[in-house]
Amino acid sequence: MKNVALISGASTGIGRELAHIHAEKGGDLVIVARSKDKLETLKTELEKKHAIKVFVIAKDLGLPESPKKVYNEIKQAGIEIEILINNAGFGGVGVFHELDYEQHMAMINLNVTSLTAMTRLFLPDFVERNSGKILNTSSTASLMPGPLQAVYFATKAYVTSFSNALSEELAKTNVTVTNLMPGATETEFGASSGMDKTAMFKKTASARKVAEAGYNAMLKGKIDVISGLTTAQKIMTSFIPFMPKKLLLKTVKSMQQTK
């Protein structure tokens, strides 16, 4: 396999589109997600259309042991990863103390712990050969606190901070870390999180558009890329650092109340 990109959360949404983009450029893939059926369908589609190789790993990365199992399986298969795309994640709307305890812990495990583990496992290989690219899917949610999605917004703030810090640590190498911050995007995330019933998801960007922005920024070694915002959202985002905290919190909360 050549020019291999590992993509987590590859079965749907932004991850699936990233797989298509990489395949279109002639790159081979390792695709990871929980659903083996969806991954196998994607593998068949991409191999037939683009004459590339796709290696499937069906794993729930929210489980503590999964990142190491994924890493070991790839090593045993003799596959060298050139691009690591940490895209798996999920959210949920509601009042923190009323939402399910296990859901909070699972969200932290997938959005934060798993992403950190995958990066720590593969990054030494990148540094040793002095080449490689990492793309972490964060969110514009990382730029502010998120009443009614307290844990999700906080996990994405971690992803952005973590990614940015690594980009500076690796500044003297040929390894880059890019942080993708999508706005509301047309994926299964909206329905599964309940966000599709909120004002924040009134206008959504296509997953393909967001994936293209992230992939191209990664190729250029950019630190951050924001994609999928409407003009009004871009204006609001630019004012976040200057808004009084109480006003910001009330504004975000109102945008996340389900209709």
Side-chain angles (χ1 to χ4, degrees), residues 1-10 13-23 25 27-33 54-55 57 59 61-62 66-75 77 79-89 109-143 155-182 185 207 210-227:
M1 298 180 76
K2 61 185 188 302
N3 188 26
V4 185
L6 187 164
I7 304 177
S8 68
I14 296 171
R16 180 182 173 84
E17 294 301 329
L18 284 164
H20 274 276
I21 292 166
H22 189 69
K25 296 181 181 297
D28 293 332
L29 287 156
V30 174
I31 51 176
V32 184
V54 180
F55 189 82
I57 301 179
K59 285 278 190 301
L61 284 174
S66 289
K68 274 193 175 181
K69 286 184 176 180
V70 169
Y71 179 78
N72 290 337
E73 188 169 339
I74 289 170
K75 282 292 188 181
I79 299 170
E80 183 174 77
I81 301 299
E82 298 286 345
I83 296 171
L84 172 64
I85 300 179
N86 291 309
N87 175 73
N109 286 338
L110 183 59
N111 295 7
V112 173
T113 307
S114 169
L115 180 143
T116 306
M118 291 288 284
T119 304
R120 178 58 183 82
L121 288 164
F122 286 95
L123 186 53
D125 296 338
F126 288 17
V127 173
E128 184 178 355
R129 67 170 187 259
N130 197 28
S131 71
K133 296 183 178 298
I134 297 174
L135 177 65
N136 290 330
T137 301
S138 180
S139 170
T140 50
S142 68
L143 302 173
T155 62
K156 292 305 182 179
Y158 173 90
V159 174
T160 291
S161 178
F162 175 67
S163 301
N164 290 170
L166 291 187
S167 70
E168 177 57 27
E169 289 185 3
L170 298 165
K172 293 184 179 180
T173 74
N174 291 320
V175 180
T176 61
V177 180
T178 299
N179 179 54
L180 171 59
M181 293 183 283
T185 307
V210 170
E212 285 177 344
Y215 191 90
N216 292 334
M218 175 194 70
L219 291 183
K220 294 174 182 176
K222 289 187 176 181
I223 296 174
D224 287 319
V225 55
I226 294 176
S227 179

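Keep in mind that the numbers below use all heavy atoms, side chains included, and drop hydrogens, waters and symmetry copies.
- Across all their heavy atoms, Ala10 and Ala33 have their closest contact at N-CB, 4.2 Å.
- Looking at Ile79 and Glu73, their side chains never come closer than 4.5 Å, going by heavy atoms from C-beta outward.
- With hydrogens and angles ignored, the 3.5 Å screen pairs a side-chain donor or acceptor of Ser8 with a backbone N or O of Ala88.
- Remark: side-chain polar atoms of Asn87 are paired, donor with acceptor, to backbone N or O of Gly9 under 3.5 angstrom.
- Checked by atom type, the side-chain pair Ser131/Asn174 shows no donor-acceptor distance below 3.5 Å.
- Among residues two or more places apart in sequence or in another chain, the ring pair (Phe, Tyr, Trp, His ring centres under 6.0 Å) test is passed with Phe55 by none.
- Here the shortest heavy-atom pairing between His22 and Leu29 reads CD2-CD2, 3.8 Å.
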Chi angles and distances behind the side-chain contact (heavy atoms from CB on, under 4.5 Å) call for Lys220, Val225:
CA-CA 11 Å; Lys220 294 174 182 176; Val225 55; over 6 Å; no
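- Annotation: side chain of Leu166 is in contact with side chain of Glu169 (closest heavy-atom distance under 4.5 Å).
- Counting heavy atoms from C-beta on, the side chains of Leu110 and Leu61 come closer than 4.5 Å.
- Shortest non-hydrogen contact noted between Gly89 and Asn111 is CA-OD1, 3.1 Å.
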Full working for side-chain contact (heavy atoms from CB on, under 4.5 Å) between Val32 and Met118:
CA-CA 12 Å; Val32 184; Met118 291 288 284; 5.5 Å; no
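- Partner Ile134 forms a side-chain contact (heavy atoms from CB on, under 4.5 Å) with one of Leu123, Thr178, Ile83 and no other, that one being Leu123.
- The nearest pair of heavy atoms linking Ser139 to Ser142 is O-OG, 2.7 Å.
- Going from atom OG1 of Thr173 over to atom CZ of Arg129 covers 11.0 Å, rounded to the nearest 0.5 Å.
- Looking only at side-chain heavy atoms (C-beta outward), Leu180 and Val210 come within less than 4.5 Å of each other.
- Within 6.0 Å of CZ in Arg120 there are 12 or fewer heavy atoms belonging to other residues, nucleotides or ligands.
- Proximity of Met1 to Glu82: side-chain heavy atoms (C-beta onward) are nowhere separated by under 4.5 Å.
- The side-chain heavy atoms of Glu80 and Val4, taken from C-beta on, include no pair separated by under 4.5 Å.
- Note: Ile85 CD1 to Met218 CE = 5.0 Å, rounded to the nearest 0.5 Å.
- Residues Thr119 and Val177 fail the side-chain proximity criterion, which asks for heavy atoms closer than 4.5 Å.
- Side-chain atoms of Asp224 and Asn179 form a donor-acceptor pair, as typed in the model, at a separation below 3.5 Å.
- For the salt bridge (charged side-chain N to carboxylate O under 4.0 Å, His left out) condition, no pair includes a residue of residues 134-143, sequence neighbours left out.
- For the atom pair CG (Leu115) and OG (Ser163), the distance works out to 6.5 Å, reported to the nearest 0.5 Å.
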Decide yes or no on side-chain contact (heavy atoms from CB on, under 4.5 Å) for Leu18 and Leu135, but give the supporting numbers first.
CA-CA 10 Å; Leu18 284 164; Leu135 177 65; 4.2 Å; yes
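- The environment of Leu143 atom CG is dense: over 12 non-hydrogen atoms of other residues, nucleotides or ligands sit within 6.0 angstrom.
- Contact between Ala211 and Ile14 at its shortest, heavy atoms only, is CB-O, 4.0 Å.
- In this view, Ser161 satisfies the side chain to side chain donor-acceptor pair (under 3.5 Å) rule with no residue, not counting sequence neighbours.
- Aromatic ring orientation, Phe126 versus Phe122: tilted (interplanar angle from 30° to 60°).
- Rounded to the nearest 0.5 angstrom, Thr155 OG1 and Asn109 CG are separated by 11.0 Å.
- With values rounded to the nearest 0.5 angstrom, Leu6 atom CG is found 8.0 Å from Asn86 atom CG.
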Pair Tyr158, Thr116 - check side-chain contact (heavy atoms from CB on, under 4.5 Å), show working.
CA-CA 10 Å; Tyr158 173 90; Thr116 306; 2.8 Å; yes
